Amino acid sequence: MSNRLPFTYSRTAEGLKRSRSSGGLVSALDPVLRKRGGTWIGWPGVELRGNERISTRAGSYRIAPVPLSEPEVARYYRGFSNRTLWPLFHSLPALSQFERVDWEGYEAVNQRFADVAEKHAREAELVWIHDYHLMLSPEFMRRANADARLAFFLHIPFPSYDVFRLCPWDHQLLRGLLACDLIGFHVETYARNFLDCAARILGARVDMESMVVEHGDRVARVGVFPIGIEFAEFEKAAMKAGRERKRERIVLGVDRLDYTKGIPERIRAFERLLELHPEHVGEVVFLQLAVPSRSEVEEYQDLKREIDGLVGRVNGRFATSTWSPIRYLVRSMPRERLCGLYRDAEVALITPLRDGMNLVAKEYVACQVDDPGVLILSRMAGAAETMREALLVNPFNLDDTAEAIHRGLTMGEDERASRIASLRRRERRDDVEAWVGGFLTAAAAERADLQPISDEEIHRWLVSYVKRYPLCLFLDYDGTLTPIAAHPSKAKLRKTMREALARCAGRRDTEVSIVSGRAMADIRKMVGDPDLIYAANHGLEVEGPSIESFRHQDLIHYEGRSRDLLVGLEKIARDGAWTEAKGPTLTFHVRPVPESKRKALLEKARVVMANHGYQAREAHAALEARPPIGWDKGRAVLHILRECYGPAWSERVRVIYVGDDQTDEDAFRFLSGLAMTFRVGSAETPTAAQHRLPNVDAVRRLLEWIGARPRADSELLDASR
Ligand code: GDG
């Protein structure tokens, strides 16, 4: 699945015209699908009208088009993909535009791709998603099918944390990718950047060594798969290509017309060559082939104008009546002629400012079937991480690049031959088939397991925060201290958890509060430890030995209403749905209801709650009705902290909150920057918590660490009372 199909349609006077899509992705994947079969899901490149249809086959494989309207293309493709992500991921954040409407278009189109995939690839062994246009669709697909095998490959760089975090939707993009089983990058630098972002932005658990990310209860592997080319095909084409009678000395550049490719810098470097080494004037020609690309995007039009001006200036400055230094072609060229050009160019000047990999460098090498040429390659291209035998340059350093061109033009045959031979050996071995094979093998590997949280890990998280302070610990119950059960009465505490809790609560320097949506009597009975503080009914009621009992003053107005609401909810209950009356709040449970009927029923319950003047809030397979009195778990936590430690509580204790539910988000938000917060369980929902824990077991380990930690400093302990 990729943005483009392997061919692009355009509308002409004679109707739809079909041409091969340009760019590296199609060059890499079309041969693979031809050989192996499968389905290619993508956008046909044109808005289809009325009963226009496009072909659903390409050779031996199927095509599943994702039709998009013009406004969708404007936001998703030209907007978010190419005006936001493309420059940002190429570390050019000043060119990135962050527009909410573009983001929304991107989300909607990613959902559309996921829907088409759901239809066409339900039985597929693997859905392989490509590139930055579709970073959210894995998460959408995952929601529809928890077991699908999903893998993603990013063809462009993944930027460093410092650049990536500028994106206002950084969390969502990372979460989108982490729904995959495997996430592939061209080179190690990008993979490490991604892991770094997952850890620092999402608080995911990352194993840098084995490149595994654990995000909530899901595990994704990250891998490095440097893409290759169809080496043998290029080599063959180079041998076959026609030859010019008069051989010119050519320095060659081939790129999509894109500002990441460094074409203006390259022209300036060539100009610098002519200044520094005038012996090349009249002798050498710089031939730049630029394939028009994204010409509807304004920055690309600006680039085109800039290059036109530069070429004119340099040619005007150095040309003679029989020679011009720069030959500039803005068009695409048939593969065979391109290969002839590669073969005959003495120097390939490939100097992107930033490039995921760069296939042109590899194609040039494959085409060196005669007199060996010299490859000059930007250090900023992914290809530079493996193609060490090229002359590596910093494209921003014009003098350096000019000297490299000079060196290339004057290099002896023996050195040229040695460099090219090593380069060719590697590219022949690591060709596109090897790349696909390597990726597919990795994607078929068994899913990585959740690693149990180790004590060292917990130590690393907590030690520098807790120091030797007393600790105030807030714990949700269902889903946090015990797994969610089919019926609330079945969610019992396990023995080991009970012991871990008791150890924390038994310490003089640790105050434990249970913050739950359950009724007071219910939660007290479930936990069964009289020494704790209990905040029941989402914090509307608070009790405990060390705190004055509290009941929100406005609840008095809701006693009658809550009885009426109970009657209202019981009236609509069907298929096993039931209502739990908890005093001031009620819960409408739909766990026994068949999945397909839940949504409609919850919708009805929402209306009934609103009609009775209650606030509805989603919970696990349930809807909570709460009096709209501006009180939540966050407010309850603040109440407890102030009651126990006074208004300056934040100087006296350290606070840890662990929860798994939407209602805990109020507490996470309230405590941001004031406490250490953990969200337990599924990573599909966003969270304001700092860290994620995969399951109840990890919570127990956390409690064990807290129960066994060194005692608080006695001065700090005295000051906290
Ligand atoms: C993205 C990443 C990554 C160019 N002009 C002509 C022509 N081309 C072909 C080349 C090559 C392809 O286009 C360009 O590939 P690149 O890799 O250089 O660059 P992107 O299009 O930006 O590709 C890149 C790639 O994805 C793969 O993962 O390497 O870093 O940005 O194949 O040959 N082909 C023909 N005539 C032309 O005039 N026939």
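Computed from a predicted model, the values in this text were never measured in an experiment.
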Could you tell me the separation between the [atom1] atom of [X] and the [atom2] atom of [Y], rounded to the nearest 0.5 Å?
X      : Y      : atom1 : atom2 : result
Trp461 : Leu693 : CH2   : CG    : 5.0 Å
Cys644 : Ile547 : SG    : CD1   : 4.0 Å
Phe550 : Leu540 : CZ    : CG    : 7.5 Å
Phe670 : Leu638 : CZ    : CG    : 4.0 Å
Tyr132 : Leu154 : OH    : CG    : 9.5 Å

Can you find a heavy atom in the side chain of [X] that is under 4.5 Å from one in the side chain of [Y]?
X      : Y      : value
Glu99  : Thr84  : no
Val590 : Lys599 : no
Ile656 : Leu462 : yes
Thr482 : Lys492 : no

For residues 522-530, tabulate all N or O donor-acceptor pairs below 3.5 Å that involve a side-chain atom, not counting sequence neighbours.
| from | atom 1 | to | atom 2 | distance (Å) |
| --- | --- | --- | --- | --- |
| Asp522 | OD1 | Arg518 | NH1 | 3.4 |
| Asp522 | OD2 | Arg518 | NH1 | 3.1 |
| Arg524 | NH1 | Glu543 | OE1 | 2.6 |
| Asp529 | OD1 | Asp531 | N | 2.9 |

Expected output: side-chain [X] to main-chain [Y] donor-acceptor under 3.5 Å:
X      : Y      : result
Glu47  : Ser69  : no
Glu570 : Thr579 : no
Arg149 : Ala443 : yes

With no hydrogens and no angle check, do the side chains of Tyr77 and Asn3 hold a donor and an acceptor under 3.5 Å apart?
->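 No, no side-chain donor-acceptor contact under 3.5 Å.
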
Hey, would you say the Trp40 and His130 ring centroids sit under 6.0 Å apart?
->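 Centroid separation for Trp40 and His130: 6.0 Å or greater.
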
What are the two closest heavy atoms between [X] and [Y], and how far apart are they?
X      : Y      : value
Ala577 : Phe588 : CB-CZ, 3.9 Å
His133 : Tyr106 : O-CE1, 3.1 Å
Arg4   : Gly45  : NH1-CA, 4.2 Å
Asp575 : Pro594 : CB-CD, 4.0 Å
Pro584 : Tyr614 : O-CE2, 3.7 Å
Asp476 : Gly659 : CB-CA, 3.8 Å

CD of Glu104: more than 12 outside heavy atoms within 6.0 angstrom?
->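 For Glu104, atom CD is crowded (more than 12 foreign heavy atoms under 6.0 Å).
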
So with a 6.0 Å cut-off around CD of Glu499, is the heavy-atom count from everything else above 12?
->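 Check passes, neighbour count above 12.
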
Run through Arg142, Glu139, Met1 and flag the one making a side chain to side chain contact (heavy atoms under 4.5 Å, CB included) with Leu150.
->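 Result: among Arg142, Glu139, Met1, Arg142 is the only option passing the side chain to side chain contact (heavy atoms under 4.5 Å, CB included) with Leu150.
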
The criterion is side chain to side chain contact (heavy atoms under 4.5 Å, CB included); which residues satisfy it with [X], sequence neighbours excluded?
X      : result
Arg498 : Leu493
Lys119 : Arg122
Val696 : Pro483, Met497

Please, which pairs that meet side-chain hydrogen bond (donor to acceptor under 3.5 Å, both in side chains) have at least one residue in residues 552-568, sequence neighbours excluded?
->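 Counting only pairs at least two positions apart or across chains, the side-chain hydrogen bond (donor to acceptor under 3.5 Å, both in side chains) contacts touching residues 552-568 are Arg551-Glu559.
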
Among residues two or more places apart or on two chains, list those pairs meeting side-chain hydrogen bond (donor to acceptor under 3.5 Å, both in side chains) that have a residue in residues 619-632.
->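 Every pair satisfying side-chain hydrogen bond (donor to acceptor under 3.5 Å, both in side chains) with a residue in residues 619-632: His538-Glu624, Lys582-Glu624, Thr587-Glu624, His620-Asp660.
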
Check the pair Ser2 / Asp131 against side-chain hydrogen bond (donor to acceptor under 3.5 Å, both in side chains), numbers first and verdict last.
-> CA-CA 7 Å; Ser2 66; Asp131 231 1; over 6 Å; no

Trp103 and Trp169 aromatic ring geometry - parallel, tilted or perpendicular at 30°/60° bounds |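 Correct class here is parallel.
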
Parallel, tilted or perpendicular for Phe439 and Trp128, by the 30°/60° rule?
->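 The arrangement is parallel - the two ring planes meet at less than 30°.
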
Does a salt bridge link Arg447 with Asp181, judged by any charged N lying under 4.0 Å from a carboxylate O?
->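 Salt bridge flag = yes for Asp181 with Arg447.
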
Considering the options Lys633, Arg669, Arg679, which one meets the side-chain hydrogen bond (donor to acceptor under 3.5 Å, both in side chains) requirement together with Asp664?
->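 When side-chain hydrogen bond (donor to acceptor under 3.5 Å, both in side chains) is applied between Asp664 and each of Lys633, Arg669, Arg679, only Lys633 qualifies.
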
